[in-house]
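A short write-up of the structure that comes next.
Here is the naming used below: chain letters follow the sequence lines, and residue numbers restart at 1 for every chain.
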Amino acid sequence: MKCAPFDYVRASSVEEVVKVLAESDGDGKILAGGQSLVPVLALRMARPSVLVDVNRIPGLGAIRPSGDAVEVGALVRHSRLVEQTNHPLLAEAARWIGHTAIRARGTAGGSVAHADPSAELPVVAVGTGATATVAGPSGVRSVAAEDLFLSALVTSLDEDEMITGLRFPLPTRWGFAEFARRHGDFALVTAVVTELGGAVRITLGGVASVPQRAAHAEQVLADGGTAREAARAAADEIDPTADLHGSAPFRRAIAGEMVRRALAQAGIGQE
Amino acid sequence: MIETDVTFSVNGERVRLAVEPRRTLADALREDCGLTGTHLGCEHGVCGACTVIVDGEPARACLMFAVQADGSSVTTVEGLQGTDGELHPLQEAFVAHHGLQCGFCTPGMLMSALHLLDTTPDADRETIREEMSGNICRCTGYQGIVDAIEAAGRELTGHAEEAEPAE
C-alpha cells in the first residue's frame with residue numbers, strides 16, 4: 001500500500017527537529033532509517049501529519065570509546081555497529097538485526113526510540129545499563145534505558161523529544177543468544193548476559209512488552225548457582241504470551257535455552 | 001498536494017523530479033523515471049524485490065522516500081548492463097545457473113548480489129546465503145541463485161578456471 005500524505009521537513013539541526021515536533025502538536029514523527037516507520041506508514045497503521053527527516057543532521061553519526069563505555073550517535077547505522085570493534089557485544093547484537101539492506105539504513109537511535117519488544121538494541125541497552133541523551137524543548141537530559149521502555153512501541157520520551165546519542169557501558173564479560181523462526185526475522189527470544197562491576201545481568205527480549213531482567217536467574221548466579229540452574233529460573237520467572245509463532249511453554253523453553261547459551265558464551269556459571 | 005523538487009542521479013544520469021513527499025523511491029524510479037526494472041513485491045520492506053544501491057549501500061526502495069534521495073547516486077538493475085547492451089557477469093551467471101524462473105525477484109537479487117560481490121568478491125556459499133537472506137524467491141529454491149552468485153564471483157575475481165569441477 002501507499003502512505004497517506006504528510007508534510008516533509010529535512011531538518012538541519014536537532015533544535016529544528018524539536019521545534020517542528022513541538023509545532024506539530026504530537027502529530028509529527030522523526031524519520032531516521034525508516035526501516036520500521038515506513039512499513040507502519042505503508043500499512044497505514046499510522047498517519048502522522050509531518051515527518052522530520054533527521055538523516056542529514058551533522059554530528060550524530062560517530063562511534064566514540066569513552067572510558068568504560070562506547071558512545072553511539074543516534075544516526076549510526078546498524079552496519080557500522082557490526083563493523084566497529086570497540087564494543088563487541090553491540091557488534092554481535094547488530095549482526096542479528098534484519099538483513100543487509102536493513103542494516104545499511106536502520107539507525108541505533110531509531111531502533112531504541114521505536115522500542116519494538118523483539119528488537120535487539122533495546123535488550124542490549126537495558127542489559128548494559130545504557131543511557132540515552134535526549135534533546136527536547138527545555139534542553140538536554142539523560143534517560144536510563146530501564147526508564148525508557150514503558151510498553152511495546154511506547155517510550156517515556158515526550159512527543160517533541162529526540163534521542164541524539166546512546167552510551168553503552170562495556171561489560172567485562174558478555175554473551176548473546178537469539179532464536180528466530182527464520183534468519184533475519186524479529187526474535188522470538190533474545191538473551192543478553194552482561195557482567196558489569198562484578199554483577200551479572202540477564203536481560204531478555206521478546207518475552208514481554210519491554211526488555212526484561214531475569215532477576216531470579218541473576219540471584220541464582222549470585223548465590224553460586226550454575227548456568228543451567230539460572231536458565232531454569234529464567235524460564236520459570238517469565239510470563240510469555242502465546243501467538244502463532246509459538247506457544248507460551250515453547251517460548252519459556254527457548255528462553256531458558258537462550259539464557260544457557262548466552263551464559264556459556266560469557267563463561268559464567270559453567271560446571 | 002505539495003510537491004518537492006528532488007535531483008539525484010540514476011545509473012549515472014541526472015534526473016530532476018517534482019514529487020509528493022510520500023512518493024517512495026521505488027515508485028519514483030518506476031513511474032517518474034520509467035525504470036520498471038525495480039520490482040515492488042510487498043511494499044513494506046519484507047521481500048527485497050525493490051533493492052537498489054543508494055550511495056554505494058543497498059536500500060529497499062520501498063522504504064525510502066524519493067525526497068530522501070536528493071543529491072544521491074542511485075543504481076538500479078538497468079544500470080548493470082554494459083554500454084553496448086551486453087549483460088553483466090552476474091546476469092550471465094543467473095541465466096547459466098537457473099538463478100531465476102519467473103524473474104520477479106531477480107532485480108532485487110541482482111542488486112543485493114552486486115553489493116555482496118563488490119564488498120566480498122570471494123564470498124563462500126555460506127556468506128552468500130546469509131547476505132542474500134533478505135531477498136525472497138518463490139520459484140528457484142535458491143540453489144541456482146547461490147550457484148550463480150558463486151560463479152559470478154569467480155568470474156569477477158578471475159578464478160573461473162580453477163573452480164571448474166575436476167574430470
Side-chain angles (χ1 to χ4, degrees), chain A residues 1-12 28-57 75 77-80 82-83 95-107 110 180-186, chain B residues 1-4 6 19-27 31 40 42-72 108-109 111-116 118-120 123 126-136:
Chain A
M1 265 173 70
K2 314 292 181 191
C3 309
F6 53 80
D7 290 332
Y8 173 81
V9 178
R10 183 183 298 143
S12 51
K29 265 283 178 196
I30 292 174
L31 172 62
Q35 303 302 290
S36 295
L37 176 63
V38 182
V40 165
L41 299 181
L43 297 166
R44 299 214 178 189
M45 297 191 306
R47 309 171 71 124
S49 62
V50 55
L51 285 195
V52 193
D53 185 350
V54 298
N55 284 282
R56 306 219 182 170
I57 298 177
L75 284 180
R77 314 278 163 181
H78 305 319
S79 53
R80 287 212 39 225
V82 175
E83 289 159 8
R95 215 170 61 74
W96 287 81
I97 302 173
H99 307 282
T100 309
I102 289 170
R103 290 192 293 271
R105 289 202 60 78
T107 66
R181 282 290 190 190
R182 288 162 306 189
H183 184 91
D185 277 10
F186 273 111
Chain B
M1 181 171 80
I2 302 161
E3 297 195 328
T4 309
V6 290
V19 292
E20 260 193 284
R22 64 167 163 161
R23 192 120 175 119
T24 61
L25 178 60
D27 282 341
E31 310 287 334
L40 278 163
C42 68
E43 292 195 304
H44 60 270
V46 174
C47 76
C50 67
T51 306
V52 297
I53 307 291
V54 179
D55 295 330
E57 296 285 345
R60 300 189 156 176
C62 73
L63 295 188
M64 230 186 121
F65 297 110
V67 285
Q68 294 185 273
D70 195 31
S72 292
M109 288 286 176
M111 301 318 283
S112 291
L114 180 72
H115 178 260
L116 167 59
D118 276 350
T119 49
T120 323
E126 199 185 332
T127 308
I128 293 171
R129 283 190 177 279
E130 166 121 12
E131 289 297 308
M132 298 299 294
S133 61
N135 292 73
I136 296 173

(request) For residues B:Glu43 and A:Ala42, report the shortest heavy-atom separation together with the two atoms involved. (result) O-CB, 3.6 Å
(message) For a 4.5 angstrom cut-off between non-hydrogen side-chain atoms, does B:Leu63 reach A:Pro39?
(response) yes
(message) Can you tell me which of A:Met1, A:Gln35, A:His99 forms the most heavy-atom pairs within a distance under 4.5 Å of chain B?
(response) A:His99
(message) If you count heavy-atom pairs within less than 4.5 Å of chain B, which of A:Ala104, A:Cys3, A:Gly98 leads?
(response) A:Cys3
(message) So for A:Leu37, is it side chain, backbone, both, or neither that comes closer than 4.5 Å to the heavy atoms of chain B?
(response) neither
(request) Could you grab the distance from atom OG1 of B:Thr4 to atom CZ of A:Arg10, nearest 0.5 Å is fine? (result) 8.5 Å
(message) Is the shortest side-chain heavy-atom distance between B:Gln68 and A:Leu31 below 4.5 Å?
(response) yes
(message) Quick check: closest heavy atoms across A:Arg56 and B:Asp70, and the distance to 0.1 Å?
(response) NH2-O, 2.7 Å
(request) Using a 4.5 Å cut-off on heavy atoms from C-beta on, say whether the side chain of A:Val38 contacts that of B:Met64. (result) no
(request) Output the option from B:Glu130, B:Glu57, B:His115 having the highest count of non-hydrogen pairs under 4.5 Å with chain A. (result) B:Glu130
(message) Nearest 0.5 angstrom please: A:Arg47 CZ to B:Arg22 CZ, how far?
(response) 9.0 Å
(request) Supply the atom-to-atom distance B:Cys62 SG to A:Lys2 NZ, rounded to the nearest 0.5 angstrom. (result) 9.0 Å
(message) Rounded to the nearest 0.5 Å, what separates atom NE2 in B:His44 from atom CG in A:Leu41?
(response) 13.0 Å
(message) Working to the nearest 0.5 angstrom, can you tell me the gap between A:Arg105 CZ and B:Arg60 CZ?
(response) 12.5 Å
(message) I need the minimum non-hydrogen distance between A:Ile102 and B:Gly45, along with the two atoms involved.
(response) CD1-O, 4.3 Å
(request) Calculate, to the nearest 0.5 Å, the distance between atoms CG and CD belonging to A:Asp7 and B:Glu20 respectively. (result) 10.5 Å
(request) Below 4.5 Å from any heavy atom of chain B, which atoms of A:Arg182 appear? Answer side chain, backbone, both or neither. (result) neither
(request) Name the option with the most non-hydrogen atom pairs under 4.5 Å to chain B; the candidates are A:Gly34, A:Ala4, A:Gly33. (result) A:Ala4
(request) Counting only heavy atoms closer than 4.5 Å, note whether A:Arg77 contacts chain B via side chain, backbone, both or neither. (result) neither
(message) Is there a side-chain contact between B:Phe65 and A:Leu51 in this structure, where contact means two heavy atoms from C-beta onward sitting under 4.5 Å apart?
(response) yes
